Protein chains: 4
Amino acid sequence: MAQTARKQPPGRIKIMQALRLLLEQEGFDAITTAEIARVAGVTEGLIYKYFKDKRDLLYQVLEEMFEGVILRIRTRMDRETDTFLRLYAFIDETVLVYATQHVFARIILIEVRSLPDFFTSRAYECVRIYSRMLQNVLEDGISEGLIRKDIDVRFLRDTLLGAIEHTCLWGVLFHREMDVQGVAEQLLRFVSEGIRPSV
Amino acid sequence: MAQTARKQPPGRIKIMQALRLLLEQEGFDAITTAEIARVAGVTEGLIYKYFKDKRDLLYQVLEEMFEGVILRIRTRMDRETDTFLRLYAFIDETVLVYATQHVFARIILIEVRSLPDFFTSRAYECVRIYSRMLQNVLEDGISEGLIRKDIDVRFLRDTLLGAIEHTCLWGVLFHREMDVQGVAEQLLRFVSEGIRPSV
Amino acid sequence: MAQTARKQPPGRIKIMQALRLLLEQEGFDAITTAEIARVAGVTEGLIYKYFKDKRDLLYQVLEEMFEGVILRIRTRMDRETDTFLRLYAFIDETVLVYATQHVFARIILIEVRSLPDFFTSRAYECVRIYSRMLQNVLEDGISEGLIRKDIDVRFLRDTLLGAIEHTCLWGVLFHREMDVQGVAEQLLRFVSEGIRPSV
Amino acid sequence: MAQTARKQPPGRIKIMQALRLLLEQEGFDAITTAEIARVAGVTEGLIYKYFKDKRDLLYQVLEEMFEGVILRIRTRMDRETDTFLRLYAFIDETVLVYATQHVFARIILIEVRSLPDFFTSRAYECVRIYSRMLQNVLEDGISEGLIRKDIDVRFLRDTLLGAIEHTCLWGVLFHREMDVQGVAEQLLRFVSEGIRPSV
DNA sequence: GATGAATGAGGCTTCATTCAT
DNA sequence: TATGAATGAAGCCTCATTCAT
C-alpha cells in the first residue's frame, strides 16, 4: 500500500483518472483504449507503458480505490473498542461505501467476476485484506465469548460478506438510493441474533 | 402476441433457436452473428432478412420467451378466485420462472437494462402486460377491502416487483439454486403483513 | 489435395495471389496484412474470413505451392522405372524446384523453421508426403539389392534431404544462379558411391 | 578500428553488451529497444544518444566483433611464413570463428543481408578489410608462382569466401555442431587441388 | 552523461452489417 | 427464401523514436 504515495508520472495519473471517469458512464467492456487516451489527453500507446493491458489498468484503478476503502473502514473501526460495535462499524461503513461509491461497487460486485485473471491480480489482495479484517473481528468475538464457538469463523465471515453484498447489489445495479443506516442495522440485528450463543 | 401463431419461415425459427441456445452459454455481447448463423445452420446474411439488427433479434427471442411466461402465470392465476391466492400465484410463479429459466431471467434482469432501445421495443410491451397483471390483482384487492387504499397502487406494484427481482437477482447472477417456495412465501408474508389494512 | 480443384471465392484467390506476389519481394514478417489486402484489392477483414490468421494464410499458400511441386516430382519420377534413375529424378527435380521457385524455396527452407505451429499445419503434411516419396524409392532400392541393407532407411532419407537442402540453401538465400544439373549429378554420385553395397 | 582503444562512456558499453547478449537468444528483428535498455540497465532514450538508430547499434556491435575476428585471423596468419600455410590459417580460423561465434556468424551471414544500409556502414569496412587479407595471400601466392596466374584474383577470392560461407551456413542456421578441422582441410584440399598450376 | 515521459504510426484481428444473385 | 461474398469501422496492442530536463 505504500507505493500509492510514491510520485507517479502525470500520464499514468491522467490515464487512471480517465478510466475512473469513464467507468461512471459505461461498463468496462464498453470503454475503449482510444476513449481512455482521449479523455486522459495522452496517446493510446502510453497506456501500455504503465499497464500490461487494459485489464491491468482496471485492476490498478480498482486497487487504488480499494486501498481508500480499506483505510476508511479501518479508521472507522479503530474508533471503537467494543467488539460488536467494531463489527457494526465494518458493516455500516461497507454499506456506506457501496451506497456512495457506485463505480467501485459495480466493479467489485459485478465486472471483475467475469475476468479470469482478477484472482491473481494485486487488486485481489485487497479483497483478502478486507475480508481478513472482518475475520479478525469475528475471532475476537469468539475468544471473548460473544460469538458462539461452534461455527467455523470463515464460514461466518463468508456468509456475512455474502449477505452484505446481496443486500447492496440491487442498489448498485440500478443506481437506486439505499437507506444505509437501515440496511446496516438490519444486517447486524439479523446477524447478531443468529450468532450470539444461546443463553 | 398474435404472430406467435403465424406460420414462420424455417430460417427465422432456426435463427431464434440458435440465439436461445447460445444464450445458455454466454452473455449476449459475447455472442457473434457468425456464431448464431453457424449454430442455426444458415448464413449471416439471413439474420438481416428477418431482424433489423442483432438487438432486434434478441428482443424477438425475449418477446417469445416472455409470452410463454405470461401464459404460464395467467394460467396459474386463473385457477384461483381468492385475490390473495391469486397474488400468491403471481409471485410464486414469477419466482419459479426466475429460478428455472436462467436465460430469460438473466436477459430481463440484467442484459436489456443497458440497451437503450429496449424500452421502445415490442418486447417491452410484454413487461407492461406482465406488470399490468399484478396491478389488476392489487386493484381487485383494494376494491375488495383486502388491501389498504392509502397506498398508490402503482407504487405498490413497483415495490412488489422490485422485491421479487431483488430477491431473485442473486441466484440469477451467480447461478445459485433458489428455494422457490421459501422465497415466495417469505415475500408474500412480508408483503401481506405490510400491506394489509391495520385492524 | 483434391480441394485445390474446388471452386474458390475470388477474394480468397486474390488474397493468396497477393501474398505470393509480395513474398517475391520481402520476407513474410515484413509483409503486413494491410499490404496484402491492398495488393489483393480487398479489405483487410476479408483475410480473416478465409484464414485463421496471417500465418494460416502463409501455410495455405505454401500448401498450394507444395502440391504443385509434389505433382511435378511425381510426374517426373513416373517416367522412369529403374530405381536409380527414379532417385536421380527425385533429386534433380527437387534441385530444379529450389533453383527456379525462389519463393517456395525460401519459405520452406528458412521462413517456416521459426514458426512453431508450422509442424501442426496442413502444409507440413506435404513435407511428409514429399519425404515419403523419397523413402519409397530408397526402400525399393534396398529390396532390389541396389542399396545396402545395413543403413536405416529413414536415416538415409534424412541425410539425403539434408544434403539437397544444404546444397541449395546458398542459392536460395542470395538469389544466386544454380547449376542444376551439376548439383544433382554431384549429389547422386556422392550418394550412390557411398551407399552402394560394397562388392 | 582505432576507436576500440578510446575510452567509452559506461552507458554506451552497457548498451552494446546488452545487444550482444540478446542476440544470443533471438534474432535482431525480435529484439526491442525496450529489451535492450532493460538488459543494459539504462533508459531507452540513451540508446539514441550514442547510436543513430537501432540498426546503427547493430552495426557498431558487429564492427566490434569483426575487429576481434580480424585480429584473431591476423595473429594466426602472422605465425606462418609459407603462403599456403597462411592460406590454410585464414580458412581454418574463419571456419573456427563461424563454428564458435554463432552470433557473429548469424549476423554476418544472414541478418545484415536484408538491411539495405549495411553496405554503407562502417561495419562493412571490416568486411572489406577481411576480404583484402585473403586477397593479399592469394596475390602473394601468385607472385610466388604457387597459384596460377590465369585466374582473376578477385574472382578467386570471392569463390573462396563463398565456399567457406556456404559450408558454414548450415551449421549456423540450425545450430549444428561443425567439424572445424575437417571442414577446413576439405576446403583447402578442394581449393588447392583446383587452383595449383597444372604441372 | 543520463533520465523519464511521451509520441505516433502501424501491427493483427474482430464483428455487425450490406447487397447482388 | 436464402446464399455467399465482401465491407469498414473499430478494437487492443507494439515499438522505434524524440525531447525537455
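The sequence lines fix the lettering, A, B, ..., with proteins before strands; numbering per chain opens at 1. Since we're looking at a predicted model, the values are computed, not measured.
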Sole candidate of C/Arg122, C/Arg12, C/Met65 that passes side-chain contact (heavy atoms from CB on, under 4.5 Å) when paired with C/Gln60: C/Arg12
Single hit among A/Ile107, A/Val112, A/Ile110, A/Leu58 for side-chain contact (heavy atoms from CB on, under 4.5 Å) with A/Phe28: A/Leu58
Rounded distance (nearest 0.5 Å) linking atom [atom1] of [X] with atom [atom2] of [Y]:
| X | Y | atom1 | atom2 | answer |
| --- | --- | --- | --- | --- |
| A/Glu44 | A/Thr33 | CD | OG1 | 3.5 Å |
| D/Phe104 | D/Leu23 | CZ | CG | 12.5 Å |
| D/Tyr50 | D/Met16 | OH | CE | 12.5 Å |
| D/Lys14 | D/Leu21 | NZ | CG | 14.5 Å |
| A/Phe66 | A/Glu125 | CZ | CD | 11.0 Å |
| A/Arg38 | A/Thr32 | CZ | OG1 | 7.5 Å |

Grab the two heavy atoms, one from [X] and one from [Y], that are nearest each other, plus how far apart they are.
| X | Y | value |
| --- | --- | --- |
| D/Val69 | D/Gln101 | CG2-OE1, 4.3 Å |
| A/Leu62 | A/Phe118 | CD2-CE1, 3.8 Å |
| B/Glu63 | B/Cys126 | CG-SG, 3.9 Å |

Length of the line joining D/Lys54:NZ and F/dT14:C1', which is rounded to integer Å: 12 Å
Residues touching DNA chain F, which here means a heavy atom under 4.0 Å, drawn from [range]:
| range | value |
| --- | --- |
| residues 43-50 of chain B | B/Thr43, B/Gly45, B/Leu46, B/Lys49, B/Tyr50 |
| residues 11-29 of chain D | none |
| residues 30-40 of chain A | A/Ile31, A/Thr32, A/Thr33 |

Chain D contact limits on DNA chain E, taken 5' to 3' with a cut-off of 4.0 angstrom to heavy atoms: E/dG1 to E/dG4
Qualifying residues under salt bridge (Lys or Arg N to Asp or Glu O under 4.0 Å), relative to A/Arg106, sequence neighbours excluded: A/Glu111
Heavy-atom side-chain proximity of D/Val39 to D/Leu22 below 4.5 angstrom: yes
Donor-acceptor under 3.5 Å (A/Asp117 side chain, A/Thr120 main chain): no
Residue closer to the 5' end of DNA chain F, B/Pro9 versus C/Pro9 (nearest nucleotide): B/Pro9
Canonical and wobble pairing (Watson-Crick, G-U, under 3.5 Å) of DNA chain F, dot-bracket with |: .||||||||||||||||||||
Cation over ring face, A/Lys52 and A/Tyr59, 6.0 Å, 45°: no
